[in-house]
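Take a look at the structure set out below.
Quantities reported herein were computed from a predicted structural model and do not represent experimental measurements.
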Amino acid sequence: MKISIRIFFLILLSNNLFAQGTIFGLEKYNLGIIRPNYSSAGLGRSFEVADTDSLHLNYMNFATWTNISYTTYEVDALYTASKSKDSNSNSYFRDYGSFQGGFLALPIIPQKFVIGIGLQPFIQMEHTVKDTIGDVSNDYTVIKGGLSRLTFNVSYKPITSFGFGIGYEYNFGRIEELYRMQMIEYGDQFDMNFEYRFGGHGIVTSAFFKPSELYSIGVFYRLPVKMNYNIYSETGNSYIDDEILKKEMTLPTQLNIGAIVNLSRKLRLGADVIYQNWKKGYKIEDNTISNQSDYMRLGFGFELKESEKRFTSFFNTLNYRMGVFFGNQKVNNMDNSVREYGLSMGVSLPLRRFIFRVDFSGLLGRRGNLSNNYYEENFLQFGISISTNEMWFFNIED
């Protein structure tokens with residue numbers, strides 16, 4: 001294992017490198033760059049925690065699901081592209097598309113008691129580093145994989161203005177590392193493969209408060225997640241390959257707080273704060289991982305909602321969204337935290353009014369800067385989600 005780490009950092013220190021991946025993900029013990037788990041609608045306006053919409057499922061606060069009347073499901077996908085540069089004017093580029101979540105909510109008692117299930121990736125990484133300037137060999141490193149959550153949650157609304165929820169999460173995933181040395185003169189190739197398999201249980205709680213139609217407040221809290229991970233190797237050395245290393249890992253707590261103010265029947269403003277204590281809360285074998293920084297994201301935005309009239313122009317049936325965000329990623333680089341900020345926007349189209357919608361979102365941002373972090377990265381994201389109500393468990397008279 002120590003040999004593979006040395007090879008990895010020797011490759012990183014080479015001058016002429018091509019890297020495909022978020023450049024700030026290339027850190028020891030790093031699990032990837034955090035992408036907040038917003039739905040496409042939330043991503044477009046940069047807030048969601050306090051949203052009590054009766055059609056869209058709130059990915060950041062399960063307690064708000066108590067406002068739906070019918071079985072509702074939603075799926076999301078995301079395309080990301082990023083271009084980075086370093087202080088030596090080297091450029092790096094990556095792009096990929098990925099599934100970003102799918103949820104199903106079943107109202108046992110409409111607008112009061114709801115159970116839900118879902119699957120949601122929360123950390124993803126895919127990095128390729130190639131060093132082809134050596135006199136003896138060409139060296140390659142590939143790191144890919146990530147972590148996901150399988151969720152089951154129960155939400156209850158005892159009174160019209162207040163609801164709460166509790167959920168169970170099974171966190172799982174896999175990260176693969178390939179280190180390859182290819183000899184130039186003879187064409188021989190040496191590979192070392194390592195696979196990290198993760199698994200662990202978590203608990204989340206959530207609540208919302210909406211005393212009037214003027215405003216709402218939402219809170220979500222995730223307890224520390226204890227995970228086990230096994231390390232498998234394929235190096236050609238039977239002594240190493242026959243041994244499976246088993247370790248324990250702790251993911252930090254997470255706190256989401258949000259508020260929404262309705263300025264009119266159609267216009268509303270919102271803000272979210274997301275915080276995770278990665279600096280002290282991320283541990284392996286009870287040892288704090290020092291190259292982490294506390295993750296924080298502040299988001300502000302507005303949404304112009306569709307007309308409630310059944311017969312109106314097409315443009316009045318759309319929802320328009322825009323927002324801004326800024327904060328810190330969880331990775332330190334050059335012993336400094338990595339700042340992140342950007343602009344978001346989105347639009348929602350009805351395929352069947354008040355029942356079936358498609359949401360599009362776009363995000364343009366930047367993380368890091370050359371003076372503090374050696375690297376600077378611009379990134380672009382496009383999201384799409386489908387939300388629909390289905391009356392599977394109701395009589396036609398309902």
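Residues Tyr73 and Leu119 fall into different hydrophobic clusters, defined by Ile, Leu, Val, Met, Phe, Trp and Tyr side chains chained together at heavy-atom separations under 4.5 Å. Under the 4.5 Å side-chain heavy-atom criterion for grouping Ile, Leu, Val, Met, Phe, Trp and Tyr, Tyr196 is connected to Leu245 within one hydrophobic cluster. No single ILVMFWY cluster, assembled from side-chain heavy atoms under 4.5 Å apart, contains both Val75 and Tyr79. No continuous path of ILVMFWY side-chain contacts below 4.5 Å connects Leu364 to Tyr92, so the two sit in separate hydrophobic clusters. Linking Ile, Leu, Val, Met, Phe, Trp and Tyr whenever their side-chain heavy atoms come within less than 4.5 Å leaves Ile115 and Tyr168 in two separate clusters.
With a 4.5 Å cut-off on side-chain heavy atoms, Tyr38 and Glu48 count as touching. Leu263 is listed as a side-chain neighbour of Leu269, based on a closest heavy-atom distance under 4.5 Å. Counting only heavy atoms from C-beta outward, the side chains of Gln111 and Asn67 never approach each other to under 4.5 Å. For the pair Asp294 and Asn328, the minimum side-chain heavy-atom distance is 4.5 Å or more. A 4.5 Å side-chain heavy-atom check between Ile284 and Ile289 finds at least one atom pair inside the cut-off. Using a 4.5 Å cut-off on side-chain heavy atoms (C-beta onward), Ile274 and Tyr295 make contact. For the pair Phe325/Asp272, no side-chain contact is recorded, criterion being any heavy-atom separation below 4.5 Å from C-beta on. Using a 4.5 Å heavy-atom threshold, the side chains of Val114 and Phe62 count as separate.
Of the possible donor and acceptor atoms, none in the side chain of Ser387 sits under 3.5 Å from a partner among the backbone N and O of Glu74. With hydrogens and angles ignored, the 3.5 Å screen pairs no side-chain donor or acceptor of Asn319 with any backbone N or O of Ser348. Formation of a donor-acceptor pair under 3.5 Å by the Asn373 side chain with backbone atoms of Ser337 is found in this model. Checked by atom type and distance alone, the side chain of Gln329 pairs as donor or acceptor with a backbone atom of Ile34 at under 3.5 Å. Checked by atom type and distance alone, the side chain of Asn369 pairs as donor or acceptor with a backbone atom of Ser371 at under 3.5 Å. Of the possible donor and acceptor atoms, one in the side chain of Thr72 sits under 3.5 Å from a partner among the backbone N and O of Tyr70. No donor-acceptor pair closer than 3.5 Å links the side chain of Asn61 to the backbone N or O of Phe220.
Within a 6.0 Å sphere centred on NZ of Lys112, heavy atoms belonging to other residues, nucleotides or ligands number more than 12. Summarising the local packing, CZ of Arg35 is surrounded by more than 12 heavy atoms from other residues, nucleotides or ligands at distances under 6.0 Å. Other residues, nucleotides and ligands contribute only 12 or fewer heavy atoms inside 6.0 Å of the CZ atom of Phe382. The neighbour count for Lys279 NZ, taken as heavy atoms of other residues, nucleotides or ligands under 6.0 Å away, does not exceed 12. Within 6.0 Å of NZ on Lys85 lie no more than 12 heavy atoms contributed by other residues, nucleotides or ligands.
Closest approach of Pro121 and Phe99 over heavy atoms only: CG-O, 3.1 Å. When every heavy atom of Pro110 is checked against every heavy atom of Ser69, the shortest pair comes out as CB-O, 3.7 Å. Here the closest non-hydrogen pair linking Gln292 and Asn332 is O-ND2, 3.3 Å. For the pair Pro158 and Gly163, the tightest heavy-atom approach, listed with the atom from each and the gap, is CD-CA, 4.4 Å. Here the shortest heavy-atom pairing between Ala63 and Gly165 reads CB-N, 3.8 Å. Here the closest heavy-atom approach between residue Val49 and residue Asn58 is recorded as O-ND2, 3.4 Å.
Using cut-offs of 30° and 60° on the angle between ring planes, the pair Tyr179 and Phe194 is perpendicular. Taking the six-membered ring where tryptophan is involved, the planes of Trp278 and Tyr282 are perpendicular, since the angle between them exceeds 60° and thus also 30°. Aromatic ring orientation, Phe113 versus Tyr156: perpendicular (interplanar angle above 60°, classes split at 30° and 60°).
A distance of 10.5 Å separates CG of Asp51 from CG of Leu57, quoted to the nearest 0.5 Å. Rounded to the nearest 0.5 angstrom, Lys226 NZ and Leu251 CG are separated by 10.0 Å. Between the OG atom in Ser40 and the OH atom in Tyr59 there is a gap of 8.5 Å [rounded to 0.5 Å]. In this structure, CG on Asn193 lies 5.0 Å from CG on Leu178, to the nearest 0.5 angstrom. Between Phe47 atom CZ and Met60 atom CE the span is 12.5 Å, to the nearest 0.5 Å. How far NE2 of His56 is from CZ of Phe103: 14.5 Å, rounded to the nearest 0.5 Å.
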Verdict with supporting geometry, His201 and Tyr170, side chain to side chain contact (heavy atoms under 4.5 Å, CB included): CA-CA 5 Å; His201 309 278; Tyr170 179 69; 3.7 Å; yes

Fill in: Full working for side chain to side chain contact (heavy atoms under 4.5 Å, CB included) between Asn153 and Val204
CA-CA 9 Å; Asn153 57 83; Val204 298; 5.8 Å; no

message = Using the rule given for side chain to side chain contact (heavy atoms under 4.5 Å, CB included), can you reason through Lys210 versus Phe208, listing the C-alpha separation, both sets of side-chain angles and the distance that settles it, and then say yes or no?
response = CA-CA 7 Å; Lys210 188 176 181 180; Phe208 79 90; 4.3 Å; yes

*asked:* Using the rule given for side-chain hydrogen bond (donor to acceptor under 3.5 Å, both in side chains), can you reason through Asn256 versus Gln254, listing the C-alpha separation, both sets of side-chain angles and the distance that settles it, and then say yes or no?
replied: CA-CA 7 Å; Asn256 304 340; Gln254 178 178 342; 3.0 Å; yes

| field | Phe198 vs Ile175, side chain to side chain contact (heavy atoms under 4.5 Å, CB included): CA-CA, chis, key distance, verdict | value | CA-CA 8 Å; Phe198 302 86; Ile175 294 178; 4.0 Å; yes

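Using modelled atom types, one finds a donor on one side chain and an acceptor on the other under 3.5 Å when comparing Ser98 with Gln100. Using a 3.5 Å distance cut-off with no hydrogens or angles, the side chains of Thr151 and Gln120 do not pair a donor with an acceptor. Side chains of Arg366 and Asn378: a donor on one and an acceptor on the other come within 3.5 Å. Using modelled atom types and a 3.5 Å distance limit, the side chains of Asn372 and Arg339 yield no donor-acceptor pair. Lys330 and Ser293 share no donor-acceptor pair across their side chains, judged by distance under 3.5 Å alone. Donor-acceptor pairing under 3.5 Å is recorded for the side chains of Ser344 and Ser46.
Of the charged side-chain nitrogens involved, none lies within less than 4.0 Å of a carboxylate oxygen, so that Glu285 and Lys247 do not count as a salt-bridged pair. Note on Asp359 versus Arg45: no salt bridge recorded, every NZ/NE/NH1/NH2 to OD/OE distance being 4.0 Å or above.
Residues Phe162 and Phe209 place their aromatic rings such that the two centres sit no closer than 6.0 Å.
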